[in-house]
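Have a look at the structure below, then the notes.
Hydrogens, waters and symmetry mates play no part in the numbers below; they use all other heavy atoms, side chains included.
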Amino acid sequence: KDLICRRGMRDGMRDRRPPAQKYSKLHETPPPLRAPKVPKKDLALSLGLFFIGIMFLLAGASTFWHVSFSEALPFTMLGSLCFIPGAYHTWIFYMIFKKVPGYSYDMITSYAS
């Protein structure tokens, strides 16, 4: 009689268990507890290239309008070489600070390591 009661309790307990659930987020990693550190040197480099590029481009445009194309060409080339990577990395930093999905510090080329 005691064995039958125990079996009945076990069967009854099986009925009370919640149904098995599928884990849809089993292989996803949880969000980090802290935000990653901002690479300050890379940020300073990208902002510096961006603003130096703007200055050289403006100097090239001013030289072009007032003197000649041949004397403006070096300023324009230096401005382009500084502005393009500076603007690209500054844009990535801006999107990271706005917390746009898909942008991370891994996208920034770091020369510190």
Open item on the list: Within the supplied structure, the quantity of interest is the number of heavy atoms (other residues, nucleotides, ligands) at a distance under 6.0 Å from Phe56 CZ; does it exceed 12?
Closed with: no

Open item on the list: If I compare all heavy atoms of Ile52 with all of Cys82, which pair ends up nearest, and what's the gap?
Closed with: CG2-SG, 4.1 Å

Task: Greater than 12 external heavy atoms within 6.0 Å of Tyr94's OH - done: no

TODO: First locate atom CZ of Phe75, then atom OG1 of Thr63, and finally report the distance between them rounded to the nearest 0.5 Å.
DONE: 5.0 Å

Task: Within one Ile-Leu-Val-Met-Phe-Trp-Tyr cluster: Tyr103 and Phe50, side-chain cutoff 4.5 Å - done: yes

Task: Gap between atom CD1 of Ile108 and atom OG of Ser46 - 0.5 Å precision - done: 6.5 Å

Task: Min side-chain heavy-atom separation Val38-Tyr105 under 4.5 Å - done: yes

TODO: Working to the nearest 0.5 Å, report the span between CG of Leu43 and NZ of Lys41.
DONE: 13.0 Å

Open item on the list: Measuring from atom CD1 of Ile54 to atom CG of Leu49, what distance do you get when rounded to the nearest 0.5 angstrom?
Closed with: 11.5 Å

- [ ] Give a yes or no on whether the backbone of Thr76 and the side-chain of Ser80 come within a donor-acceptor separation of less than 3.5 Å.
- [x] yes

Task: Taking every non-hydrogen atom, the tightest pair across Glu71 and Pro74 - done: O-CD, 3.5 Å

TODO: Inspect the surroundings of CE in Met77 and state if more than 12 heavy atoms from other residues, nucleotides or ligands are less than 6.0 Å away.
DONE: no

Open item on the list: For Trp91 together with Tyr88, are the ring centres under 6.0 Å from each other?
Closed with: no

Task: Single-linkage hydrophobic cluster Phe83~Leu58, side-chain heavy atoms < 4.5 angstrom - done: yes

Open item on the list: Membership question, hydrophobic clusters at under 4.5 Å side-chain separation (ILVMFWY): are Phe93 and Phe51 in the same one?
Closed with: yes

Open item on the list: Test of understanding: clusters of I, L, V, M, F, W, Y form through side-chain heavy atoms closer than 4.5 Å, transitively. Do Phe97 and Leu47 belong to the same one?
Closed with: yes

Task: Gap separating the NZ atom of Lys99 from the CD1 atom of Ile96, nearest 0.5 angstrom - done: 12.0 Å

Open item on the list: Side-chain heavy atoms nearer than 4.5 Å, only ILVMFWY residues, links allowed to pass through others: does that put Leu73 and Val67 together?
Closed with: no

